[in-house]
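Since we're looking at a predicted model, the values are computed, not measured. In this chain, residues are counted from 1 in sequence order.
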Amino acid sequence: MKKALFLIAMMLAVACQSTHSPITPKLGEEIKVGLNQQVTFPDEGFSIQFNDLLEDSRCPKGVTCVWAGNAKVAIQFNKQIVSLNTFTDYPKQATVSGYTIQLVSVSPYPIYEQKIQEKEYIVTLIVIKK
């Protein structure tokens with residue numbers, strides 16, 4: 001009986017294991033990066049990290065504003081830090097060491113009277129080789 005229970009427990013443990021392998025980011029494709037998360041491009045020999053949310057003045061849902069606002073983030077490419085913005089009049093992309101990093105979006109989008117925790121922020125980026 002103990003052997004049967006042990007075998008059933010082992011089969012359940014194996015069945016519940018994730019079959020997902022880590023996703024390797026690819027140049028030219030959107031990648032999502034959480035705050036303080038580092039993503040490595042092993043084939044290219046560099047990593048990027050979403051270091052900081054420097055500003056989030058985007059007009060919250062449920063409010064009428066005179067301008068759309070801006071989210072400004074600090075992205076680290078290996079050891080160099082660049083600032084990228086969501087507002088079109090500010091730099092949305094930067095070129096570092098022959099690669100262009102483009103900020104696609106910053107999530108979540110603010111909602112009136114709802115506080116966003118820092119750990120919730122995610123940037124969507126595209127990295128291309130120049």
Side-chain angles (χ1 to χ4, degrees):
M1 181 70 170
K2 285 184 183 179
K3 285 184 182 181
L5 289 174
F6 177 76
L7 287 174
I8 291 171
M10 291 302 292
M11 289 189 314
L12 284 173
V14 169
C16 291
Q17 285 182 348
S18 175
T19 58
H20 300 287
S21 59
I23 295 171
T24 303
K26 292 184 174 62
L27 294 177
E29 294 182 359
E30 288 188 359
I31 58 165
K32 295 190 181 302
V33 185
L35 188 60
N36 297 317
Q37 179 186 8
Q38 185 178 64
V39 176
T40 301
F41 288 74
D43 295 341
E44 302 297 322
F46 69 83
S47 63
I48 58 174
Q49 180 171 319
F50 172 21
N51 275 8
D52 197 7
L53 177 75
L54 302 171
E55 166 190 331
D56 192 357
S57 63
R58 295 175 291 172
C59 183
K61 290 179 186 174
V63 176
T64 302
C65 301
V66 293
W67 79 301
N70 181 50
K72 182 177 184 179
V73 298
I75 304 295
Q76 183 173 336
F77 180 97
N78 285 341
K79 295 193 186 273
Q80 188 170 348
I81 296 177
V82 295
S83 295
L84 302 175
N85 300 272
T86 58
F87 188 64
T88 54
D89 287 353
Y90 300 136
K92 292 181 84 158
Q93 64 184 29
T95 301
V96 183
S97 301
Y99 293 89
T100 299
I101 307 162
Q102 178 186 359
L103 177 62
V104 176
S105 65
V106 176
S107 300
Y109 195 87
I111 298 173
Y112 180 65
E113 292 191 348
Q114 290 187 12
K115 181 155 175 59
I116 301 170
Q117 301 297 316
E118 274 194 354
K119 64 183 180 183
E120 296 178 73
Y121 282 101
I122 296 172
V123 294
T124 301
L125 304 169
I126 296 176
V127 181
I128 58 171
K129 194 169 191 171
K130 263 287 303 156

Please name the pair of heavy atoms, one in V39 and one in P25, separated by the smallest distance, quoted to 0.1 Å.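 Taking V39 first and P25 second, the nearest heavy atoms are CG1-CG, 3.4 Å.
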For A74 and I81, which heavy atoms make the closest approach, and how far apart are they?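 Minimum heavy-atom separation between A74 and I81: CB-CG2, 4.0 Å.
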Hey, could you give me the [atom1]/[atom2] distance between [X] and [Y], rounded to the nearest 0.5 Å?
| X | Y | atom1 | atom2 | answer |
| --- | --- | --- | --- | --- |
| Q49 | L35 | CD | CG | 8.5 Å |
| L125 | I75 | CG | CD1 | 5.0 Å |
| K61 | R58 | NZ | CZ | 9.5 Å |
| N78 | I48 | CG | CD1 | 10.0 Å |
| F50 | I122 | CZ | CD1 | 9.0 Å |
| D56 | Y109 | CG | OH | 8.5 Å |

Donor-acceptor check, side chain of Q80 to backbone of F77, threshold 3.5 angstrom: yes or no?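 Answer holds: no.
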Is it true that a side-chain atom of S57 and a backbone atom of N70 form a donor plus acceptor pair closer than 3.5 Å?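 Side chain of S57 to backbone of N70: a pair is present.
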Are [Y] and [X] linked, directly or through intermediate hydrophobic residues, by side-chain heavy-atom contacts shorter than 4.5 Å (ILVMFWY only)?
| X | Y | value |
| --- | --- | --- |
| L27 | I31 | yes |
| V82 | F46 | yes |
| F87 | V73 | no |
| V96 | V123 | yes |
| I116 | L103 | yes |

If we ignore angles and hydrogens, is there a donor and acceptor under 3.5 Å between the side chains of T100 and Q93?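 Absent: no donor and acceptor within the cut-off.
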Return each pair, listed once, that meets disulfide bond (SG atoms under 2.5 Å apart) where at least one residue sits in residues 56-130; pairs must be two or more places apart or across chains.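 Sorted result for residues 56-130: C59-C65.
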Please say whether more than 12 non-hydrogen atoms of neighbouring residues, nucleotides or ligands are located less than 6.0 Å from NZ in K129.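 Not buried by this count: 12 neighbours or fewer within 6.0 Å.
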Residue of the set Q102, E30, K32 for which side chain to side chain donor-acceptor pair (under 3.5 Å) holds with T124: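 When Q102, E30, K32 are each tested with T124, the side chain to side chain donor-acceptor pair (under 3.5 Å) holds only for K32.
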Given S47, which of Q38, Q76, K79 fulfils the side chain to side chain donor-acceptor pair (under 3.5 Å) condition?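 Of the listed options, the one satisfying the test is Q38.
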I111: which other cluster members, linking ILVMFWY side chains closer than 4.5 Å, directly or transitively?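 Its cluster partners, ordered by chain and number, are none at all.
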W67 and Y90 aromatic ring geometry - parallel, tilted or perpendicular at 30°/60° bounds: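 The arrangement is perpendicular - the two ring planes meet at more than 60°.
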Side-chain contact test, heavy atoms from C-beta onward, threshold under 4.5 Å: evaluate it for N85 versus P91 and give yes or no.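 Answer yes - side chains close enough.
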